[in-house]
Amino acid sequence: MTDIRTVATRPIAGQRPGTSGLRKKVAEFSRSPYVENFVQSIFDSLEGYAGKTLVLGGDGRFYNREAIQIILRLAAANGFGRVLLGRAGILSTPAASNLIRQHAAFGGIILSASHNPGGPQGDFGIKYNVANGGPAPEGVTEAIYKRTGLIDRYRTVDAPDIDIDRSGEQRCGEMVVEVVDPVADYARLMQGLFDFDRIRALLRGRFRLRFDAMHAVTGPYAVEILERQLGAPSGSAINARPLTDFGGGHPDPNPVYAHELVAAMRGPAAPDFGAASDGDGDRNMILGRDLFVTPSDSLAVLAANARSVPAFRDGLAGVARSMPTSRAVDRVAAALGIPCYETPTGWKFFGNLLDAGKATLCGEESAGTGANHVREKDGLWAVLFWLNLLAVRGEAVTAIVRDHWRRFGRHYYARHDFEGLEKGGAERLMQSLRERAGKLKGQGLAGGTIAGADDFAYVDPVDGSTASHQGIRVELADGSRLVYRLSGTGTDGATLRLYIERYEPDPARQAGESAVALAGLAEAAYGLADIAGHTGRQAPSVVT
Ligand code: VG1
Ligand code: CO
């Protein structure tokens, strides 16, 4: 028998999970007993896991390997029977979700701060996923947070480190640790969803693709699936080696941080298709030649063309989008005669809709797209969906998107992020908007009229749970929309996100630049919230 040690501890302030798990600086996470306290609090909030299986892995960022050893000892001491661990500590978020489902695990712990920078000065994160493979719902994360405020002991075992690079079974105390290939099960899942033969035929021709893994977790997945299984020339996946600091970059697939790829997609000699994924592999960016497909448009295009891939041959039951995501997909849902759900930001809100079969396809403006095959957004899945679609339609990305706009209208869209704000100012800005929201109706704005404004609250149509204060929505009479909310994933001060959307039904006016089409609305949005007055900022730090 291995000795289980109970170690006294004291609560550590601030261990509250945000939009997607707990994220803090590495410096904070690596100070013992930070991980111990949080993970013990997760276990203390759960029931019935004795002898059951836990999935464990992360995006390979700095401190991943150390945190894994700590968590294995805690899991053993707390009575888990088995841990399925991604080899080298690697599991993309969607692959972890799939493993939980395939192996009927009790749950999973994913080590990632996703799109946040890594390295010793960067961020680290821990997220708990439940038995359906999805992020723990708010009820669970709040229980965990409550527990972090009361915790007075954690349990661990005195056992040597596991060799996480060696496949197969080992033991940590009484618990079995099975080190598994992080890619195999996920690749098999993808084979069943898409027409690999058809994509292979596309890639054998003159079609060229470039996938930027941003030195994050999707590298091994992209090399195996896109290059080895689908025959894209070797080197099609760039920056494919996961690095603990993501090569010093910001593993956020948007035109700002993936500028190298965006530059390569310009001009007649550019590849036909470009894509990128984020730190933990759940986001996707889609590019055609000279065209960035906004994630909101991508969701709408995929919804409109769902029947062209094997997974959705029978159509979609419904779609869902996070509240700030553009309403492009709403128009597709209306045309298809299926429901469209509007949820708060964060993938955890899609879980119930997917489980209940109310929604099949979901998306977020932050480059998250996914479906009912797992319970997380899925970067490579979206790339394969696009490739399958391109193979079926035999047209360029640009042609498909333009055709979509002609049919449904175009939603010009942008997100302006004001990062690293002083918290008090950012909160006062939101509070002021909240107080005025009810009185904005009828007021003029950017040459139009405000048709209504509110503080978004959500009632889950499946279990009736509620989430309030999810962002201020301001809608104009012409269907334009502004949304203001504070980020729940940052680790430096506060980040204000301003989302701007304008609908353009006239095909003659759909080829403009977003920045130009939205300039007037953006100015008006800054003024309406008095961003400069509350934050001292005249301009956003990032526009995507
Ligand atoms: C951001 C995005 C949100 C996404 C979340 C997690 O949250 O806006 O859409 O679900 O990141 O994505 P926030 O609260 O900072 O706006 V990931 O890929 O970082 O797990
Ligand atoms: Co992510």
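In each ligand, atom 1 is the first atom listed, and ligand 1 is the first ligand listed.
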Using a strict threshold of under 4.0 Å (side-chain N to carboxylate O), is an ion pair present between Asp212 and Arg210?
no
Can you name the atoms of ligand 1, numbered from 1 with element, that are less than 4.0 Å from a heavy atom of Arg497?
8 (O), 13 (P), 15 (O), 16 (O)
If we set the cut-off at 4.0 Å for heavy atoms, which region of Ser487 has an atom near ligand 1: side chain, backbone, both, or neither?
both
Quick check on Gly346 - does any of its heavy atoms sit under 4.0 Å from an atom of ligand 1?
yes
Per-atom contacts, ligand 1 versus Thr345 - under 4.0 Å to a heavy atom
3 (C), 8 (O), 9 (O)
Donor-acceptor under 3.5 Å (Asn98 side chain, Pro94 main chain)
no
Mind counting the protein N, O or S atoms sitting less than 2.8 Å from the Co ion (ligand 2)?
4
Once you round to the nearest 0.5 Å, how far does CG of Leu440 lie from CG of Leu433?
7.5 Å
Listing, residues 524-531 side-chain donor-acceptor contacts under 3.5 Å, not counting sequence neighbours, or none:
{"from": "Tyr526", "atom 1": "OH", "to": "His416", "atom 2": "ND1", "distance (Å)": "2.7"}
{"from": "Asp530", "atom 1": "OD1", "to": "Gly533", "atom 2": "N", "distance (Å)": "3.0"}

For ligand 1, is any non-hydrogen atom under 4.0 Å from Asp278's backbone (N, CA, C, O), its side chain (CB onward), both, or neither?
side chain
Contact check: Gly488 vs ligand 1, nitrogen or oxygen atoms, below 3.5 angstrom
yes
Is a salt bridge present between Arg23 and Asp123, judged by a nitrogen-to-oxygen distance below 4.0 Å?
no
Considering only heavy atoms of Ser114, which atoms of ligand 1 have at least one such atom less than 4.0 Å away?
17 (V), 18 (O), 19 (O), 20 (O)
Can you tell me if Asp455 and His469 form a side-chain donor-acceptor pair at under 3.5 Å?
yes
for atom 9 (O) of ligand 1, nearest protein heavy atom and its distance come out as Ser366 OG, 2.6 Å
Please confirm whether the backbone N or O of Lys146 pairs with a side-chain atom of Arg16, one donor and one acceptor, at under 3.5 Å?
no
Strictly under 4.0 Å, does any heavy atom of Arg485 approach an atom of ligand 1?
yes
Could you check atom 11 (O) of ligand 1 against the protein and tell me its nearest heavy-atom contact, residue, atom and distance included?
Arg283 NH2, 3.0 Å
Test Arg537 against Glu419 for salt bridge (Lys or Arg N to Asp or Glu O under 4.0 Å), laying out the working first.
CA-CA 10 Å; Arg537 301 286 176 84; Glu419 299 170 316; over 6 Å; no
For Ser41, side chain to side chain donor-acceptor pair (under 3.5 Å) partners two or more places apart
none
Using a 4.0 Å cut-off to any heavy atom of Thr19, which atoms of ligand 1 qualify?
5 (C), 7 (O), 13 (P), 14 (O)
Closer than 4.0 Å to some heavy atom of Ser20 - which atoms of ligand 1 meet that?
6 (C), 20 (O)
With the threshold set at 4.0 Å, does a side-chain nitrogen-carboxylate oxygen contact exist between Arg497 and Glu365?
no
Parallel under 30°, tilted from 30 to 60°, perpendicular over 60°: which one fits the rings of Phe312 and Trp381?
perpendicular
Show me which atoms of ligand 1 lie under 4.0 Å from any heavy atom of Asp282.
18 (O), 20 (O)
Nearest protein heavy atom to atom 4 (C) of ligand 1, by residue and atom, and its distance?
Glu364 OE1, 3.5 Å
Going by an N to O cut-off under 4.0 Å, is there a salt bridge joining Arg321 and Glu364?
no
So which pairs with a foot in residues 245-259 pass salt bridge (charged side-chain N to carboxylate O under 4.0 Å, His left out), sequence neighbours left out?
Asp252-Arg283
Nearest-option assignment for atom 20 (O) of ligand 1, heavy atoms, candidates Arg415, His115, Arg23, Lys348:
Arg23
Pull out every atom of ligand 1 sitting under 4.0 Å from any heavy atom of Lys377, numbered as shown with elements.
4 (C), 6 (C), 10 (O), 12 (O), 17 (V), 18 (O), 20 (O)
Residues Glu376 and Lys127 bridged, charged N to O under 4.0 Å:
yes
For ligand 1, indicate whether the residue Thr489 contacts it via side chain, backbone, both or neither (heavy-atom separation under 4.0 Å).
both
